[in-house]
Amino acid sequence: MPETTAIQRFRGPLWAALYFVMAVAPLPIALWRHTEDGRGFWIELGVALGFAGLAMMGLQFALTARFRWIGRGVSLDDMMQVHRQAGILAVVFVLAHPVILLAAHPAYFSFLDPRVNAPRTIALVVATAAVILLLVLPLYRRRLGISYEWWRLTHSILAFLAVFVGLGHVLMVGHYVSGVAKPLVWIAMTGGALLLLAHTRIVRPIAVRQRPWRVAEVRPEGERVWSIAFEAEGHPGLSFSPGQFVWLSLESSPLSLQQHPFTIASSAERGSRIELTIKELGDFTQTIRDVEPGALAFLEGPYGQFTPDGISADATVFVVGGIGVTPAMSTLRTMRDRGQTTPIVVVYGAVDLDRLVFRDELESLTAELDLELVYVLDEPPPDWQGERGPFTADTVARIRQRLGAADAYYFICGPEPMMDVVESTLAADGVPRSRVHAERFNLV
Ligand SMILES: Cc1cc2nc3c(=O)[nH]c(=O)nc-3n(C[C@H](O)[C@H](O)[C@H](O)COP(=O)(O)OP(=O)(O)OC[C@H]3O[C@@H](n4cnc5c(N)ncnc54)[C@H](O)[C@@H]3O)c2cc1C
């Protein structure tokens with residue numbers, strides 16, 4: 001269960017402060033007991049950017065290490081946003097390092113001359129190429145036809161290369177790492193980053209294999225949408241909050257590349273039987289319909305902060321679209337099982353009535369909960385009196401009018417354009433950022 005204390009509120013800023021301290025830590029470490037004269041502003045700036053860039057690249061491993069205690073107080077969206085933006089800044093710093101040094105002191109071109117030191121030149125060229133690819137590949141992955149899984153593996157290998165060669169470069173140049181302690185600090189920091197990578201990609205997947213699940217049922221839920229239920233095998237299951245997600249793997253090898261995130265759609269009161277509702281999209285999700293009951297499965301989690309658990313408000317409002325309904329569904333099922341009767345509004349966008357997944361169950365839940373359902377249809381039937389899609393600022397304004405003065409918390413999950421409209425309209429209307437939670441179903 002998420003914490004509800006002040007610590008939770010300040011956890012995000014505290015992590016940001018710690019991140020900043022760790023990113024700039026190499027600079028005081030470099031200056032500690034450093035007795036040589038300065039080499040001029042530009043050279044020192046180039047070196048400082050290189051140090052900070054390398055530290056930030058190492059910190060990237062911590063951001064994606066899936067430690068739940070890091071994730072607490074910071075949503076997945078925010079974490080991915082930080083990972084992306086810090087990654088871009090780290091790459092800019094790392095690339096600015098040689099550019100500034102070569103411009104300030106052309107004698108450094110000898111570092112790129114294979115006749116002077118071929119292994120060094122090769123290592124620096126490979127590391128520079130790795131850093132550029134780290135930045136460029138996410139932007140062009142789809143256009144280049146690289147699957148998410150292969151991109152993710154390549155991303156890890158490139159990051160490893162960049163950090164590993166970066167460490168070698170720092171130690172070999174040795175200007176700010178004289179003595180015994182400083183090289184050890186650098187080796188420890190880089191080693192820590194690489195251990196995080198090994199933990200995420202190898203240790204944790206092996207641990208997850210010790211708590212297997214069995215597929216109990218696969219049932220159609222709508223057009224190209226399937227619910228798949230898993231029962232815990234030999235362990236009590238998962239303790240989670242509605243709205244959280246798990247990483248699903250249907251392959252027994254811990255090194256399998258196929259691990260996909262899905263929000264738990266079932267009730268948080270039934271942790272030994274977990275249900276995911278999955279829309280067919282690409283190669284993995286299209287296999288769900290063929291999964292046989294009895295098959296082994298592995299669930300890693302729970303992760304995420306996209307949950308109304310622990311929040312006290314006059315009303316909880318889910319604004320969801322398409323398969324983004326799954327966190328709302330888990331919340332409603334959990335409320336039913338807990339006998340909770342606090343007001344909840346689900347604004348649900350879909351192409352048409354037939355595309356509303358869980359429609360029958362949602363409508364029957366209105367009898368058990370203080371639930372108001374608002375459908376927003378792109379292609380409504382001719383006699384439709386309700387809201388029409390796509391979502392606009394007016395749609396959001398009408399939803400807010402219905403709520404009156406209610407002090408509401410918003411949970412937004414759905415297609416990108418819908419989320420953008422809802423988020424920007426709520427922000428423009430002055431709804432505090434702390435009351436608006438968003439979860440995007442695409443990480444890259
Ligand atoms: C927090 C979260 C919760 C989600 N919950 C649900 C849900 O409840 N129901 C549902 O149907 N979908 C959900 N998704 C989306 C789901 O993870 C993707 O649709 C699925 O991974 C696509 O895999 P694919 O191979 O079939 O499709 P592809 O065509 O290979 O991929 C389509 C897109 O899905 C994303 N993706 C693909 N593989 C992965 C992966 N291994 N890890 C992360 N992202 C990947 C990428 O953005 C990719 O561009 C969720 C995603 C996230 C991030």
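Counting from 1, the numbers follow the sequence of the chain as shown. This structure is a prediction, so every number in the text was calculated from the model and none was measured.
- Here the side chain of T334 pairs no donor or acceptor atom with the backbone of S267 at under 3.5 angstrom.
- Judged by a 6.0 Å distance limit and a 45° cone about the ring axis, R201 is not positioned over the six-membered ring of F160.
- Ring to ring, W151 and Y140 are not that close: their centroids are 6.0 angstrom or more apart.
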| message | Applying side chain to side chain contact (heavy atoms under 4.5 Å, CB included) to L144 and L137, what does each step give before you reach the verdict? | response | CA-CA 9 Å; L144 294 170; L137 275 186; 3.9 Å; yes
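- Looking at R433, its side chain does come within 3.5 Å of a backbone N or O of V436 through a donor-acceptor pair.
- Partners of R336 by salt bridge (Lys or Arg N to Asp or Glu O under 4.0 Å), not counting sequence neighbours, listed by chain and number: E361.
- A donor-acceptor pair shorter than 3.5 Å cannot be found between the side chains of R398 and Q401.
- A 6.0 Å sphere centred on CZ of F164 holds no more than 12 heavy atoms belonging to other residues, nucleotides or ligands.
- Other residues, nucleotides and ligands contribute only 12 or fewer heavy atoms inside 6.0 Å of the CH2 atom of W42.
- Side chain to side chain, Q258 and H260 meet the donor-acceptor criterion of an N or O pair below 3.5 Å.
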| said: Set out, in order, the CA-CA distance, both residues' side-chain angles and the distance that settles side chain to side chain contact (heavy atoms under 4.5 Å, CB included) for T263 and F441, then state yes or no. | reply: CA-CA 9 Å; T263 300; F441 275 3; 3.6 Å; yes
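- For the pair P417 and F391, the minimum side-chain heavy-atom distance is 4.5 Å or more.
- Checking side-chain atoms of R211 against main-chain N and O of G237 turns up a donor-acceptor pair under 3.5 Å.
- Applying the salt bridge (Lys or Arg N to Asp or Glu O under 4.0 Å) rule to D378 yields no partners; only residues at least two apart in sequence or on another chain are considered.
- For the side chain to side chain donor-acceptor pair (under 3.5 Å) condition, the pairs that include at least one residue of residues 415-428, sequence neighbours left out, are E416-R440, D420-R440, E423-R440.
- Annotation: cation-pi geometry not satisfied between R141 and Y148 (NZ/CZ under 6.0 angstrom from ring centroid, within 45° of ring axis).
- Among residues two or more places apart in sequence or in another chain, the ring pair (Phe, Tyr, Trp, His ring centres under 6.0 Å) test is passed with Y19 by none.
- By the salt bridge (Lys or Arg N to Asp or Glu O under 4.0 Å) test, R219 pairs with E217, E221, E275, sequence neighbours left out.
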| request: I would like to know whether I278 and L248 meet side chain to side chain contact (heavy atoms under 4.5 Å, CB included); could you show each step before the answer? | output: CA-CA 11 Å; I278 297 179; L248 166 67; 4.3 Å; yes
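- Taking T200 as the reference, A65, R204 meet the side-chain contact (heavy atoms from CB on, under 4.5 Å) condition, with sequence neighbours excluded.
- Heavy atoms only, all atoms of each residue included: S249 and Q259 are closest at CB-CG, 4.2 Å.
- Panel note: side chain R214, backbone G294; a donor-acceptor pair is recorded below 3.5 Å.
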